[in-house]
Amino acid sequence: MALGVMQIRESTEALEKQVLHPLAARSELTRGRETPEALCSIRTAFQRDRDRILHSKAFRRLKHKTQMFIAPVGDHYRTRLTHSLEVAQVSRTVARALRLNEDLTESIALAHDLGHPPFGHTGEHILDELSPTGFHHQQQGLRIVKKLEALNLTLEVLDGMEGLTETKAEFLTLEAQIVDTADRMAYLHHDVEDARRAGIMTEADLPRDILTTLGSTRQERLDRMVTDMVHTSLETINSDNPRISLTSEIREAVMTLRQWMFDHIYLAPERMEQTENVRRVLTALYDFYLKHPQALSPNLPADEPLERRILDYIAGMTDRFAIEAYKAHLLPNTYQAFTVNPRHEGMPS
Ligand code: MG
């Protein structure tokens with residue numbers, strides 16, 4: 001049957017009603033946006049959110065933000081961008097298998113790390129120490145999409161981006177639960193691979209019970225985690241307590257792998273040296289902008305206190321942008337040979 005343009009979105013919404021699980025988030029029934037707006041004639045609310053996220057500047061900056069290694073030179077190492085794409089892949093696979101809303105999971109997955117500062121979690125901890133009001137990447141992500149880039153996303157996407165907090169024990173949707181679990185699987189999976197690529201570890205270093213339970217190759221491990229998530233959740237979303245879940249065996253193996261990665265890779269002594277370098281760069285930049293607010297991007301919201309604008313500016317930087325800004329502002333003049341103008345790139349409009 002031929003469709004008029006005006007019927008495309010309605011037809012997709014009708015399809016969602018027909019094929020999705022009764023507990024799926026249906027775009028037609030979205031809780032809406034902070035600022036109400038006219039509907040798109042072609043895309044559903046969640047498809048539109050995905051496109052807004054993909055076209056945002058914060059999303060493009062993820063390509064030069066640390067996942068595990070700072071500004072990696074090798075082309076095959078993950079960055080926050082490829083991490084986000086891998087989280088989206090796992091999330092969509094699971095959502096589609098469970099007949100949940102694939103567009104919503106994709107939106108949340110692509111947006112879930114938008115607020116990450118340069119230098120990964122190390123950068124996050126240091127900004128948290130520097131800022132009088134504290135810093136957390138998920139709160140910063142919300143600030144980017146709500147204020148700095150004003151994407152006016154649906155409440156379902158904002159809920160997934162926010163994650164769980166001390167005051168929030170549950171997500172609004174099963175789709176957000178998928179991304180939350182997929183994120184953990186994706187990073188553990190690819191950080192093992194990147195650490196192996198970097199020669200920090202070999203497959204054989206992993207504890208034997210992890211290899212036995214999750215599999216001895218990277219393909220096996222990801223496949224087993226995702227398959228378990230789909231099969232286990234298929235049962236639990238039809239129970240009295242519908243939720244996205246893993247069997248206890250896989251959940252424990254994932255927790256053990258996570259702990260092993262912290263002990264042997266993330267918090268290894270060589271990486272702690274990097275922490276001091278990151279602290280030096282971010283602290284110096286923070287102090288520099290306190291003394292020289294005119295060096296901040298003119299695009300930052302003028303109605304905010306200086307400390308808040310500095311935090312937005314530094315958090316928005318990519319790894320290499322932060323390093324270049326440090327060189328330009330805080331090393332002796334010989335570095336002016338670098339024609340760096342850190343003022344207008346890498347910032348929200
Ligand atoms: Mg993540």
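Residue numbers run from 1 in the order of the sequence given. Start at 1 and go down the list; that is how both ligands and their atoms are numbered. Note that the structure is predicted; figures quoted are calculated from it, not measured.
Between H112 and D183, the side chains place a donor N or O and an acceptor N or O closer than 3.5 Å (distance only, hydrogens not considered). In this structure, a donor-acceptor pair under 3.5 Å is absent between the side chains of D113 and S84.
Shown here are the side chain to side chain donor-acceptor pair (under 3.5 Å) partners of T181, two or more places apart in sequence or in another chain: there are none. Evaluation of the side chain to side chain donor-acceptor pair (under 3.5 Å) rule for D240 yields no partner, not counting sequence neighbours. Residues satisfying the salt bridge (charged side-chain N to carboxylate O under 4.0 Å, His left out) test with E16, not counting sequence neighbours, are none.
Listing protein N, O or S atoms at distances below 2.8 Å from the Mg ion (ligand 1), with waters left out, gives H83 NE2, H112 NE2, D113 OD2, D183 OD1.
E162 has a carboxylate O that lies under 4.0 Å from a charged side-chain N of K168, or vice versa, which qualifies the two as a salt bridge.
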